[in-house]
Protein chains: 2
Amino acid sequence: MGPGQRSVRRSGRGRRAHLVRRSAAAAQTPLHPGPGRAKLTWINRIMIPLSPPPDPGGAAMASAPPPAGPPDNAPFDPCQPCGLGGLALCRDLPERERLALIALQTTVRLDAHETLFTEGDRALYLYTPVAGAIKLYKMMQDGRRQITGFFFRGDLFGFAAGSVHGATAEAVTPVELCRFPLARLEALLPQAPTLERLVLRRALARLARYEDQVLLLGRKSAPEKLASFLVSLAERAQERGEPASPVLVPMGRADVADYLGLTIETVSRTLTRFRQDGLIGLPRSGTVVVLDAARLRRLAEGAEIPR
Amino acid sequence: MGPGQRSVRRSGRGRRAHLVRRSAAAAQTPLHPGPGRAKLTWINRIMIPLSPPPDPGGAAMASAPPPAGPPDNAPFDPCQPCGLGGLALCRDLPERERLALIALQTTVRLDAHETLFTEGDRALYLYTPVAGAIKLYKMMQDGRRQITGFFFRGDLFGFAAGSVHGATAEAVTPVELCRFPLARLEALLPQAPTLERLVLRRALARLARYEDQVLLLGRKSAPEKLASFLVSLAERAQERGEPASPVLVPMGRADVADYLGLTIETVSRTLTRFRQDGLIGLPRSGTVVVLDAARLRRLAEGAEIPR
DNA sequence: CGTATGCTTGAACGTTATCAATACTGGTGG
DNA sequence: CCACCAGTATTGATAACGTTCAAGCATACG
């Protein structure tokens with residue numbers, strides 16, 4: 001890359017990370033400073049169906065209004081409160097463990113750009129988005145930012161090595177989260193072997209995802225990074241039962257850049273070239289239509305000449 | 001960065017990744033091809049003390065001959081066979097679980113550059129190095145390589161998301177490994193809650209390490225990467241009771257480069273400049289003396305002007 | 001309809017890769 | 001013991017990819 005893939009740094013001058021709206025203050029004091037903290041409107045153990053499975057064919061959910069609409073009315077499912085269908089932890093749990101888990105469950109809502117927790121905060125919960133998207137990021141003193149992951153419907157995040165979060169969690173879109181208090185969860189684990197295995201499985205899946213991300217960051221070119229990103233978003237959408245073709249990209253260019261280790265400009269330029277080359281279409285902000293999935297995939301794997 | 005941080009690629013021409021000795025064949029066929037596979041000299045449930053805790057003050061163990069020498073002769077410790085002292089999983093386990101775990105344990109030895117398992121292989125064991133070092137890497141079709149981690153005495157690796165390894169494991173130095181068969185381990189877990197918690201804890205620790213690595217790869221400059229690498233090696237050495245100051249760097253420049261997302265040349269140049277600036281000393285191959293730990297650490301965090 | 005915010009596009013620059021020798025290091029055989 | 005050799009590390013010159021700086025453009029919003 002160029003000279004300043006990271007020249008944002010040094011004495012805090014310059015552009016810093018791609019600052020997101022009111023994050024200027026937060027940029028100065030990355031560790032549990034608390035300014036701009038979210039207001040955390042939350043509801044305890046809601047029993048009404050909160051959000052339906054994604055309506056395919058719908059428009060971008062980029063900054064869409066909070067979701068609404070009832071899910072399919074199947075026979076009573078204790079997992080229904082969080083509206084996650086089969087994606088959540090609840091799934092595949094024996095009845096006893098499932099009920100115990102659901103007893104712990106609580107719902108949280110955040111608006112876009114609100115902070116859920118900050119690097120250095122005590123880790124108190126595990127979270128699963130029910131609707132919307134969350135990003136996790138680490139920040140350097142001078143404001144350089146690296147997004148470590150995006151989390152969508154059914155993903156699990158909030159894992160902490162010690163008792164403290166290693167990254168900051170912020171809402172990309174308005175988001176609704178299913179959360180489980182760690183203390184009570186841990187107390188439950190000895191009596192819930194299936195659940196514990198499930199949590200471990202999730203952690204291992206995240207490890208595998210990190211392996212890919214490390215390869216991407218360390219060894220892929222900008223076009224390959226973007227291609228990988230789109231392919232990954234598409235695959236993940238498919239895994240949760242959404243269509244793969246119109247890839248919904250709810251995050252802005254700044255977030256994409258900070259996830260891929262690039263700058264906004266490079267992301268923009270690269271997507272433009274993808275469009276010119278007939279790889280993708282960009283009908284509206286937040287939506288990418290994949291026109292040549294095979295070539296995009298080959299590009300992502302480094303087996304295609306970019307131009 | 002420059003133009004070709006990743007231009008090694010494309011049509012397999014050019015330099016590929018930094019090829020390690022006889023890995024040419026393996027480079028062509030990254031997935032379970034099996035050529036150049038290790039011979040895996042292993043011993044089942046050895047009862048003789050195999051290797052002592054690291055003797056501080058000793059010379060580089062870079063490509064040192066296999067270790068020898070008895071550990072402290074404490075009252076009989078069932079964990080002694082693997083010689084890991086308090087670092088292993090055994091530690092902190094109730095007696096019953098510990099014995100059960102040790103019954104599964106087996107020892108494996110590899111020479112430097114031998115492959116333990118390959119990306120795509122079925123995941124059959126969890127491993128802990130007792131002496132020596134292992135690297136894990138992913139490879140792209142055209143030979144670009146990204147090392148995802150180095151594992152030393154007491155570290156745990158071999159986690160797989162599905163039933164298959166996501167990376168290749170290769171010995172950096174002659175290495176002795178304590179290994180546990182996954183199938184029997186899983187069968188044991190329901191009766192060994194402490195053990196399961198311990199495995200989860202290890203996986204979470206690895207997640208935290210990945211977060212740091214992602215920040216490093218995505219947002220740090222070459223000098224910052226090198227500084228972070230040295231600091232990390234020093235800290236990890238200290239955590240396992242070894243001295244931090246003469247940092248032992250058993251891997252070659254190619255491995256360092258493929259870990260940090262750089263080239264051999266940049267690694268070499270950067271270390272040379274560190275030496276010229278009085279940050280470090282390079283007395284012998286495989287040994288780095290930290291002369292200004294504070295500045296090195298600040299550099300690693302991006303809070304120091306490189307030059 | 002004007003102002004904010006984010007996205008796109010252009011030109012110049014810089015860090016890091018590439019290409020190419022040269023020097024070193026450890027092991028082996030004369 | 002030393003010359004040799006293969007692998008490895010260092011150093012130099014050049015160039016490229018991606019960044020930085022700087023406008024211009026679109027989309028949303030009051």
Side-chain angles (χ1 to χ4, degrees), chain A residues 1-10 13-22 60 62-64 112-113 144 218-226 249 251-257 260-276 282-286 306-307, chain B residues 1-10 13-24 60 62-65 112-113 144 218-226 249 251-257 260-276 282-287 306-307:
Chain A
M1 10 175 97
Q5 173 193 35
R6 46 278 298 211
S7 58
V8 183
R9 60 203 133 85
R10 266 155 211 161
R13 260 177 60 275
R15 171 194 292 192
R16 286 228 185 60
H18 317 112
L19 293 182
V20 193
R21 190 163 306 175
R22 43 146 203 78
S63 309
H113 305 294
R144 273 175 286 172
R219 286 298 179 221
K220 287 187 181 177
S221 70
E224 289 165 352
K225 285 178 174 179
L226 257 302
V249 187
M251 64 294 287
R253 296 287 182 270
D255 282 349
V256 176
L260 298 177
L262 299 171
T263 57
I264 311 182
E265 293 93 329
T266 300
V267 170
S268 184
R269 271 185 257 271
T270 306
L271 286 179
T272 299
R273 239 185 48 193
F274 280 3
R275 182 171 47 71
Q276 290 168 345
L282 298 167
R284 86 191 69 237
S285 179
R307 147 146 294 310
Chain B
M1 9 174 99
Q5 173 192 35
R6 48 277 298 209
S7 57
V8 182
R9 61 205 133 84
R10 266 155 211 162
R13 262 176 59 275
R15 171 195 291 189
R16 285 228 184 62
H18 317 112
L19 293 182
V20 193
R21 190 161 308 174
R22 43 147 203 78
S23 61
S63 309
H113 306 294
R144 271 175 288 172
R219 285 299 179 220
K220 288 188 181 176
S221 71
E224 289 165 352
K225 285 178 174 178
L226 258 302
V249 187
M251 62 295 285
R253 296 287 183 269
D255 282 349
V256 176
L260 298 177
L262 299 172
T263 57
I264 311 182
E265 293 93 329
T266 300
V267 170
S268 185
R269 270 186 255 274
T270 306
L271 287 179
T272 299
R273 238 185 47 194
F274 281 3
R275 183 171 48 71
Q276 289 167 346
L282 298 167
R284 86 190 68 238
S285 179
T287 305
R307 147 146 291 310

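Below, read A as the first sequence line, B as the second, and so on, with proteins coming before strands; counting in each chain starts at 1.
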I would like to know whether A/T270 and A/K225 meet side chain to side chain contact (heavy atoms under 4.5 Å, CB included); could you show each step before the answer?
-> CA-CA 10 Å; A/T270 306; A/K225 285 178 174 179; over 6 Å; no

Apply the test side chain to side chain contact (heavy atoms under 4.5 Å, CB included) to residues B/V256 and B/L226: give CA-CA distance (whole Å), side-chain angles for both, the deciding distance (0.1 Å), then the verdict.
-> CA-CA 9 Å; B/V256 176; B/L226 258 302; 4.3 Å; yes

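Exactly one residue among A/T272, A/D255, A/L262 makes a side chain to side chain contact (heavy atoms under 4.5 Å, CB included) with A/V267. That residue is A/L262.
Each of D/dG18, D/dA9, C/dT16 was ranked by its minimum atom distance to the side chain of B/P223; first place goes to C/dT16. Distances from the side chain of A/R253 to the nucleotides C/dT8, D/dT10, C/dT16 place C/dT8 closest. Residue A/R275 places its side chain closer to C/dT9 than to any other of C/dT9, C/dT16, D/dG18. When distances are taken from the side chain of B/E265 to each of D/dG18, C/dT8, C/dC19, the shortest belongs to C/dC19.
Atoms CG (B/L282) and C1' (D/dT8) sit 15 Å apart, rounded to a whole Å. Between the CG atom of A/L262 and the P atom of C/dT15 there is a distance of 18 Å, given to the nearest Å. Whole-Å rounding puts the A/Q276 CD to C/dT9 P distance at 7 Å. Atom-to-atom, CZ of B/R219 to P of D/dT20 comes out at 8 Å; the value is rounded to the nearest Å. The CZ atom of B/R273 sits 9 Å away from the P atom of C/dT15 (whole-angstrom rounding). Taking atom CZ of A/R144 as the reference point, atom C1' of C/dT15 lies 13 Å away to the nearest angstrom. Taking atom CD1 on A/I264 and atom C1' on D/dC21, their separation rounds to 13 Å, with Å as the unit. With rounding to whole Å, B/M251 atom CE is found 16 Å from D/dT8 atom C1'.
A/T266 comes within 4.0 angstrom of a base, heavy atoms only. Across all strands shown, B/T272 has heavy atoms under 4.0 Å from sugar-phosphate atoms exclusively, and none from any base.
A pairwise comparison of heavy atoms in B/A222 and B/T266 identifies CB-CG2, 3.8 Å as the closest pair. Closest non-hydrogen pair, A/R144 versus B/R219, comes out as NH1-O, 2.9 Å.
For B/R284 against D/dT8, a side-chain-to-base donor-acceptor contact under 3.5 Å is absent. With hydrogens and angles left out, the side chain of A/R269 and the base of C/dG10 share a donor-acceptor pair within 3.5 Å.
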